[in-house]
Amino acid sequence: MKAANLRARVRAEMTEEIKQVARRHLATDGANLSLRAVARDLGMASSAVYRYFASRDELLTALIIDAYDAVGSTAEQVAAAQADPTERWVAIGHAVRDWALANPHQWALIYGSPVPGYEAPQDTVVPATRVIMLLAGVLRDALTEGRLTSVPEQPAGRFGEEMAAVAAHFGPGVPAHLVGATMYGFVHLCGAISAELFGQLNKSIDEDRRGFFEWQARATAAFAGLA
């Protein structure tokens with residue numbers, strides 16, 4: 001192996017090891033990451049870690065992008081196996097919930113409270129929209145195939161203008177209410193999962209939370225116009 005390739009592989013492996021340790025810190029410290037603490041757990045000098053991540057924010061950004069990509073990839077794989085639009089919408093929701101339950105601290109990092117002093121860079125935008133784009137794709141395909149049985153009320157006012165501007169990016173003839181319904185479904189999805197993860201369902205729904213989630217997912221599908 002050439003020296004340059006070997007160095008690149010070693011750097012990639014070390015970068016991943018740093019991120020793995022940082023993820024463990026998310027479980028105990030939340031997003032209050034310390035590069036010094038990560039370095040200590042790795043048995044490295046702090047200066048060595050800074051050769052891989054120049055700052056805490058840079059490490060946070062890497063963890064955030066990884067989390068968005070992980071949940072997005074999980075949802076995309078499940079969606080690809082569903083032909084029916086309603087079942088695809090519901091399957092996406094379950095895939096996101098299952099990932100969140102398996103990775104609660106990463107979910108909290110990307111969908112929980114903002115990290116004080118951290119401003120997400122542009123690099124996070126595309127990964128952050130993967131689930132949203134999946135839901136939008138379900139509605140767009142259903143619209144194209146004539147499978148939307150009803151539609152929400154067309155958004156009006158400034159909100160309607162904003163939705164229309166976003167809809168233009170999906171192609172000609174995409175209505176503003178499709179974008180609004182997508183955002184409605186996505187926001188409800190995030191809220192339903194966070195409520196479960198952060199204990200808001202305790203002592204009220206303990207036996208069949210998956211069933212409760214299924215009921216909610218189908219309700220948002222119906223709101224969006226899916227059968």
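What you see is a predicted model; the values in this text were computed from it and never measured.
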Using a 3.5 Å cut-off and no angle test, enumerate the donor-acceptor pairs between side-chain atoms of residues 155-162 and protein atoms at least two apart in sequence or in another chain.
{"unit_1": "R158", "atom_1": "NH1", "unit_2": "E161", "atom_2": "OE1", "d": "3.0"}

Gap separating the CD1 atom of I132 from the CD1 atom of I92, nearest 0.5 angstrom
12.0 Å
Other members of the hydrophobic cluster containing I205, with the 4.5 Å side-chain heavy-atom rule, please.
L201, F212, W215
Taking side chain to side chain donor-acceptor pair (under 3.5 Å) as the criterion, tell me which of Q216, R210, R218 meets it with E214.
R218
Could you check if a side-chain atom of I65 sits within less than 4.5 angstrom of a side-chain atom of T61, using non-hydrogen atoms only?
yes
Is L60 close to L109 at the side-chain level, that is, under 4.5 Å between some pair of heavy atoms?
yes
Under a 4.5 Å cut-off applied to non-hydrogen side-chain atoms, are F213 and I193 in contact?
yes
Side-chain heavy atoms under 4.5 angstrom apart, residues restricted to Ile, Leu, Val, Met, Phe, Trp, Tyr: same cluster for L101 and V131?
yes
Please list every donor-acceptor pair under 3.5 Å in which a side-chain atom of residues 219-227 meets a protein atom from a residue at least two apart or in another chain.
{"unit_1": "T220", "atom_1": "OG1", "unit_2": "W89", "atom_2": "NE1", "d": "3.0"}
{"unit_1": "T220", "atom_1": "OG1", "unit_2": "A217", "atom_2": "O", "d": "2.8"}

Any side-chain heavy-atom pair of M183 and V166 under 4.5 Å:
no
Nearest non-hydrogen partners of E58 and A54, listed with the distance
OE2-N, 3.4 Å
L35: which residues meet the side chain to side chain contact (heavy atoms under 4.5 Å, CB included) condition with it, sequence neighbours left out?
V49, Y50, L59
Distance-only criterion, 3.5 Å: show the donor-acceptor pairs between side-chain atoms of residues 77-85 and protein atoms not counting sequence neighbours.
{"unit_1": "Q77", "atom_1": "NE2", "unit_2": "S73", "atom_2": "OG", "d": "3.3"}
{"unit_1": "D84", "atom_1": "OD1", "unit_2": "R147", "atom_2": "NH2", "d": "3.1"}
{"unit_1": "D84", "atom_1": "OD2", "unit_2": "T86", "atom_2": "N", "d": "3.1"}
{"unit_1": "D84", "atom_1": "OD2", "unit_2": "E87", "atom_2": "N", "d": "3.0"}

Does L139 share a hydrophobic cluster with Y184, counting links as ILVMFWY side-chain heavy atoms below 4.5 Å and allowing steps through other members?
no
Contact summary for G137 and R88, nearest pair of heavy atoms
O-NH1, 4.5 Å
Less than 4.0 angstrom from a charged side-chain N to a carboxylate O is my criterion; do D41 and R24 meet it?
no
Heavy-atom side-chain proximity of Y118 to I64 below 4.5 angstrom:
yes
Identify whether L134 and V126 are in the same connected component of the hydrophobic contact network (ILVMFWY, side-chain heavy atoms under 4.5 Å).
no
Between the CD atom in Q20 and the CG atom in L42, the distance rounded to the nearest 0.5 Å is 9.5 Å
In this structure, CG of L135 is separated from OG1 of T129 (nearest 0.5 Å) by 11.5 Å
If you compare all heavy atoms of R130 against all heavy atoms of G72, which two are closest, and at what distance to 0.1 Å?
NH2-C, 3.9 Å
Take atom CD in E119; do more than 12 heavy atoms of anything else shown fall under 6.0 Å from it?
no
Please determine whether the number of non-hydrogen atoms from other residues, nucleotides or ligands lying under 6.0 Å from atom CD of E153 exceeds 12.
no
Listed by chain and number, what are the ring-ring contact (aromatic ring centres under 6.0 Å, His included) partners of Y52, not counting sequence neighbours?
none
Looking at side-chain heavy atoms only, is the closest gap between R209 and R97 below 4.5 Å?
yes
When you compare the side chain of L143 with that of P175, does any pair of heavy atoms fall below 4.5 Å?
yes
One pair to check against side-chain contact (heavy atoms from CB on, under 4.5 Å): M14 and M44. What are the steps and the verdict?
CA-CA 11 Å; M14 192 68 242; M44 300 169 59; 3.5 Å; yes
Considering residues, nucleotides and ligands other than R11, do more than 12 of their heavy atoms fall under 6.0 Å from its CZ?
yes
Give a yes or no on whether V96 and F198 share a hydrophobic cluster (residues Ile, Leu, Val, Met, Phe, Trp, Tyr; joining criterion: side-chain heavy atoms under 4.5 Å apart).
yes
Does the side chain of T182 come within less than 4.5 Å of R140's, by heavy atoms?
no
Does A95 offer a backbone N or O that forms a donor-acceptor pair with the side chain of D98 under 3.5 Å?
no
Check the pair R23, L63 against side-chain contact (heavy atoms from CB on, under 4.5 Å), reporting the backbone distance first and the verdict last.
CA-CA 8 Å; R23 290 187 190 102; L63 296 178; 3.9 Å; yes
At what distance, to the nearest 0.5 angstrom, does CD of E16 lie from CD1 of I18?
10.0 Å
Give me the atom names and distance for the closest heavy-atom approach of Q106 to A67.
OE1-CB, 3.8 Å
